[in-house]
Undergrad: 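I'd like to ask some things about the structure below.
Chain letters run A, B, ... following the sequence lines, proteins first and then strands; every chain starts at 1.
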Amino acid sequence: MNMAAGSGFRTAGTVLERAFFERPAPVVAENLMGKSLCRRSEGAIDRLTLNEVEAYDGFEDRASHAHRGRTLRNAVMFGRPGVCYVYLCYGIHWMLNIVTGPQDFPGAVLLRGAGAFSGPGRLTKGLGIDGSMNQRPAIPRSGLWLEDGGIVVGRRDIQRTARVGVDYAGPRWSRRKWRWVWSGGQQT
DNA sequence: TAAGTGATCTCT
DNA sequence: GAGATCACTTAA
């Protein structure tokens, strides 16, 4: 049992470096559970525990923006790991992703839930994240980064399900269990 | 259950 | 340039 998690208070942890993200998106996604999404705005720092993520990986994943190849919008997915990929969905909601995998291989993890925020659009709205964060590295200097706060999430506490809203991708990809949910991680 | 909303992509 | 699509949310 993690002391910090138990007390509901967390100090700064270890910043996740590029090497953490330089792995396949599903691996990064699973390992992001329980990590802290950190946001600095107006001098204050918020640290929220990640509890829901999805992986989008490679050219063949028909649910991924990159499956048709590189375009102006998804170019960041082909770039350096650990960089933010933020885009507007349905004309209203900003989606926050972190680029994964090696250079030139498109992959990203969609951050869908952290702390009390449930849903990718609500998360970005709550943290004041918009398109201006696109293509910026997820490091403290950018005001948005990830930390390992020492919280260990048991595998039994994580549910793996199909990704949300990707029925169009066909059964092979829409049914793939590339969504991770930690139901116990919504307190902070 | 369906509308809102606008950038992006594909096809003409 | 037009039309379809979309990794969502909210109000009914």
Undergrad: Taking the six-membered ring of A:Tyr56 as reference, does the cationic atom of A:Arg163 (NZ for Lys, CZ for Arg) lie under 6.0 Å from its centre and within 45° of its axis?
TA: yes
Undergrad: Whole Å only: how far is the OH atom of A:Tyr85 from the C1' atom of B:dT8?
TA: 9 Å
Undergrad: Considering only B:dT10, B:dG4, C:dA7, which nucleotide approaches the side chain of A:Arg68 most closely?
TA: B:dT10
Undergrad: Within the pair A:Arg112 and C:dC8, is there a side-chain N or O less than 4.0 Å away from OP1 or OP2?
TA: yes
Undergrad: Counting Watson-Crick and G-U wobble pairs only, both distances under 3.5 Å, name the nucleotide matched with C:dG3, or none.
TA: B:dC9
Undergrad: Tell me the interatomic distance from A:Leu88, atom CG, to B:dC9, atom C1', rounded to whole angstroms.
TA: 15 Å
Undergrad: Quick one: A:Glu52 CD to C:dC8 P, roughly how many Å, whole number?
TA: 10 Å
Undergrad: To the nearest Å, how far apart are A:His67 NE2 and C:dA7 C1'?
TA: 13 Å
Undergrad: Under 4.0 Å from OP1 or OP2 of C:dA7: is there any side-chain N or O of A:His65 that close?
TA: yes
Undergrad: Calculate the interatomic distance between A:Asn134 atom CG and B:dA7 atom P; express it in whole Å.
TA: 14 Å
Undergrad: Could you state the CH2-C1' distance from A:Trp94 to B:dT5, rounded to the nearest angstrom?
TA: 12 Å
Undergrad: To the nearest Å, give me how far apart OH (A:Tyr56) and P (C:dC6) are.
TA: 12 Å
Undergrad: If you find the nucleotide of DNA chain C closest to A:Lys125 and the one closest to A:Tyr168, which residue's nucleotide is nearer the 5' end?
TA: A:Tyr168
Undergrad: Take atom CZ of A:Phe117 and atom P of C:dT10, then tell me their distance rounded to the nearest Å.
TA: 12 Å
Undergrad: Please check if the number of heavy atoms outside A:Gln103 that lie under 6.0 Å from its CD is greater than 12.
TA: yes
Undergrad: Give the nucleotide from the list C:dT9, C:dC8, B:dC9 with an atom nearest to the side chain of A:Arg122.
TA: C:dT9
Undergrad: If you take atom types as modelled and just measure distance, does the side chain of A:Tyr87 reach the base of C:dA7 with a donor-acceptor pair under 3.5 Å?
TA: yes
Undergrad: Among A:Arg160, A:Lys177, A:Arg155, whose salt bridge (Lys or Arg N to Asp or Glu O under 4.0 Å) with A:Glu30 holds?
TA: A:Arg155
Undergrad: Kindly confirm or rule out a cation-pi arrangement of A:Arg18 over A:Phe20, judged by NZ or CZ under 6.0 Å from the six-membered ring centre and within 45° of its axis?
TA: no
Undergrad: Tell me, which pairs form a ring pair (Phe, Tyr, Trp, His ring centres under 6.0 Å) where one or both residues lie in residues 133-175 of chain A, sequence neighbours left out?
TA: none
Undergrad: The side chain of A:Ile92 lies closest to which of these nucleotides: C:dT9, C:dA7, B:dT5?
TA: B:dT5
Undergrad: Heavy atoms only, 4.0 Å cut-off, all strands: where does A:Arg73 land among base, sugar-phosphate and nothing?
TA: sugar-phosphate
